[in-house]
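For clarity, every value in this text was computed on a predicted model and none was experimentally measured. Chain A is the first sequence line, chain B the second, and so forth, proteins listed ahead of strands; every chain is numbered from 1.
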2 protein chains.
Amino acid sequence: MMLSQTEENYLKAIYSLAYANSNNVSTTLISEAIKTKASSVTDMIQKLAEKDLVHYKKYQGVSLTEIGQKIAVEIVRKHRLWEVFLLNKLDYNWDEVHELAEQLEHIKSETLIDKLEAFLEFPTHDPHGDPIPDKEGNIKHHNNTMLSSVETGKSCVVIGIKDSSDPFLKFLDKLQIQLGSILKVISKEPFDNSMLVETTIGSISISNQISKNIFVKNL
Amino acid sequence: MMLSQTEENYLKAIYSLAYANSNNVSTTLISEAIKTKASSVTDMIQKLAEKDLVHYKKYQGVSLTEIGQKIAVEIVRKHRLWEVFLLNKLDYNWDEVHELAEQLEHIKSETLIDKLEAFLEFPTHDPHGDPIPDKEGNIKHHNNTMLSSVETGKSCVVIGIKDSSDPFLKFLDKLQIQLGSILKVISKEPFDNSMLVETTIGSISISNQISKNIFVKNL
DNA sequence: ATTTATTTTTAGACTTATCTAAATTATTTT
DNA sequence: AAAATAATTTAGATAAGTCTAAAAATAAAT
Ligand SMILES: [Mn+2]
Ligand SMILES: [Mn+2]
Ligand SMILES: [Mn+2]
Ligand SMILES: [Mn+2]
C-alpha cells in the first residue's frame with residue numbers, strides 16, 4: 001500500500017492519541033495534533049476508512065485497524081531511528097532531532113531503515129527515551145513511573161521524557177537533566193506538589209508540571 | 001524561498017540538461033527527463049519564471065537564473081552527499097543509491113547537509129565519480145576524457161560514469177569495472193569502434209557505447 | 001424534556017500538479 | 001513561398017488536501 005506523507009502523518013497522530021487516550025480518537029483531537037481544521041480531518045479519516053486503515057462510524061471517532069496500526073508503528077520506528085542517527089552521528093541536540101525526523105520518517109524504502117538500524121547498532125530507545133519498535137513492530141513500553149510519584153528520600157534514574165517538546169527539552173538542558181541522570185527526592189511541597197530534588201549540580205526545585213513529564217526508574 | 005519537491009526536481013532537471021546541452025532547454029527535453037507531458041512542463045516553467053528561478057520567453061525554452069542555478073546546485077550537492085552516505089555507511093551498492101537519494105535530496109534543513117558532509121569527512125565525489133559541490137556551490141567538473149578516446153597501448157584509471165543508470169552500473173559490476181579500476185587499451189576495432197581492454201580480470205571487448213560513457217584519467 | 005452549546009459532517013471553493021485535446025507558433029520539407 | 005510537420009502553449013478537467021460557512025448530530029445545561 002502506497003501512502004502519502006499526509007496519510008502517514010494522520011496514522012501516526014491517531015496512533016499516539018489512541019495510546020494516550022485509550023479509546024476512540026475524536027476528530028477535534030486529531031485536528032489539534034495535526035494542526036488542521038476538523039473538516040479536513042473528517043475528509044481524511046473517511047479516506048483512511050475507505051482504505052481499511054481505520055475503523056470509523058460517523059460522529060464516533062476512529063481507531064486504527066490492524067493494518068493501520070502496523071503502518072503507524074513502522075513510521076514511529078523510522079522516526080525514532082532517524083532521531084538516533086541525528087543525535088549519535090550528526091551531533092544534533094535532543095531538542096533539534098524531532099523536526100527533522102518528521103521529514104525523514106517518510107522516506108520510502110524496503111531496506112533503508114533496517115540498514116540504518118544496523119549501522120546504529122540496534123538502539124533500543126530514541127534520544128527522548130521512547131522505545132524503538134523492532135522490525136516486526138514489537139515495542140516495549142516503559143512502566144510509566146513518573147518522577148512526581150517517587151517517594152521522599154528515594155533515588156531514581158531518568159529514563160524518558162513524556163512531553164518531548166522543544167521548550168521542555170531546552171528547559172531540562174538548563175537544569176542539566178538528561179537521560180541517565182540520577183535524581184534524589186529530598187522533599188515534597190504538599191501545597192503545589194513541587195519537589196526538591198538533588199542532582200549532580202545541586203538541589204533544585206521542580207514543579208509538578210515538570211515532574212509529571214519525566215519517566216524514571218526507582219533505584 | 002520555500003520550494004516544493006516538484007519545483008526542486010524541475011530545477012535540477014533543467015540544470016543537468018543545460019549542462020549537457022549548453023543552451024536553452026526545451027520543453028520537450030524537460031518533459032522527457034521528468035516523465036511528464038509537455039503541457040505540464042509549460043505550466044511549471046511559467047510558475048518558475050514568475051518566481052525568477054528561470055529565464056523564459058514563450059516558445060524559446062528556459063535557462064536558470066542565478067538564484068535558480070544556486071538552488072539547483074544545492075540539490076545536486078544534497079543528492080550526491082546522500083549517495084555517499086548510503087554507499088559508505090549503509091553498505092548500498094552504487095546502482096542502488098540514486099533512487100533513494102532522489103527522495104533524501106528534498107529534506108529541508110539549514111544544517112543537516114553540512115553536518116552530513118562533515119560526518120562523511122568531506123568527500124569530493126559521489127559513488128559514480130560526479131563531483132560534489134561545496135557549501136558555496138563551487139563545483140569542479142572533470143575533464144571529460146572518455147575511455148573511447150584513449151590511445152591504443154595507453155593505460156588509464158576510471159574516474160567517473162556518464163550514464164549512471166541502473167542497468168549500465170550493473171553491467172560494469174559484471175565486468176568488475178569500478179571507480180579506480182585501471183584499464184589498458186590493447187587494440188581498437190575500426191569497424192564498430194569497439195576496443196579490447198585489459199583489466200584486472202583479463203582482456204575484455206568493450207563496445208563504443210560503453211567506452212563513450214566511462215570517464216578516465218590517462219596514466 | 002427542552003433548550004443551549006459543542007462537536008462533527010457536508011457543501012462549495014481554492015491550490016498544486018497533473019492530464020487530454022485543441023489552438024498556436026516554429027521548423028522543415030517540398 | 002507554401003504546405004506539412006513538429007514543438008509549444010492554452011483551455012478545460014481531474015485528484016489530493018486544505019479551507020470557510022452552513023447543516024446535522026451529539027452532549028451538556030437548565
Ligand atoms: Mn520525535
Ligand atoms: Mn511526519
Ligand atoms: Mn544520483
Ligand atoms: Mn528528486
When the distance from CE of B:M44 to C1' of D:dT9 is rounded to whole Å, what number comes out? 16 Å
Are the charged groups of A:K140 and A:D134 less than 4.0 angstrom apart, N to O? no
Nucleotide nearest A:T42 when distance is taken to its side chain, options C:dT10, C:dC19, D:dT9: C:dT10
Base, sugar-phosphate or nothing for A:S40? Non-hydrogen atoms, less than 4.0 Å. base
Below 4.0 Å: OP1/OP2 of D:dT9 and any side-chain N or O of B:T27: yes
Any donor-acceptor N or O pair under 3.5 Å, side chains B:H106, B:E8: yes
Distance in angstrom units between A:I30 CD1 and D:dT18 C1', rounded: 16 Å
Evaluate the ring-ring contact (aromatic ring centres under 6.0 Å, His included) criterion for residues B:F85 and A:F85: first the C-alpha distance (whole Å), next the side-chain angles of each, then the deciding distance (0.1 Å), finally the verdict. CA-CA 12 Å; B:F85 169 72; A:F85 169 72; 5.1 Å; yes
B:E151 and B:K188 ion-paired at < 4.0 Å: no
Establish, from distance only, whether the side-chain atoms of A:H79 and A:H98 form a donor-acceptor pair under 3.5 Å. yes
In terms of side-chain geometry, is the basic nitrogen of A:E105 or A:R80 positioned less than 4.0 Å from the acidic oxygen of its partner? no
Find every protein N or O atom lying less than 3.5 Å from an N or O atom of nucleotides 2-6 of chain D, and list the pairs.
none

Find the distance A:M2:CE to D:dA15:C1' and express it as a whole number of Å. 16 Å
Please check if any side-chain donor atom of B:W82 sits under 3.5 Å from a side-chain acceptor atom of B:D126, or the reverse. no
Output yes when at least one side-chain N/O atom of A:Y10 is less than 4.0 Å from OP1 or OP2 of D:dT18, else no. yes
Under the side-chain hydrogen bond (donor to acceptor under 3.5 Å, both in side chains) test, which residues partner A:S109, sequence neighbours left out? A:T111
Nearest-Å distance for atom pair CG/C1', residues B:D43 and D:dT10: 9 Å
Among residues 48-64 of chain A, which contact DNA chain C at a heavy-atom distance under 4.0 Å? A:Y56, A:K58, A:Y59
If I take atom CD1 in residue A:I34 and atom P in nucleotide D:dC19, what distance separates them, rounded to the nearest angstrom? 11 Å
Looking at side-chain heavy atoms only, is the closest gap between B:D166 and B:F171 below 4.5 Å? no
Roughly how many Å is it from CG in A:L3 to P in D:dA16, rounded to a whole number? 13 Å
Of B:K78, B:K70, B:R77, which is the lone residue that meets side-chain hydrogen bond (donor to acceptor under 3.5 Å, both in side chains) with B:E74? B:K70
Does B:S26 or A:A38 map to a spot on DNA chain D nearer the 5' end, using the closest nucleotide for each? B:S26
Pairing partner of D:dT10, by Watson-Crick or G-U wobble and under 3.5 Å for both distances, is C:dA21
What is the distance, to the nearest angstrom, from the CD atom on A:Q46 to the C1' atom on C:dA11? 12 Å
From C:dT9, C:dT18, D:dT18, pick the nucleotide closest to the side chain of A:S39? C:dT9
Specify the separation, in whole Å, of atom CD of B:E7 and atom P of C:dT15. 15 Å
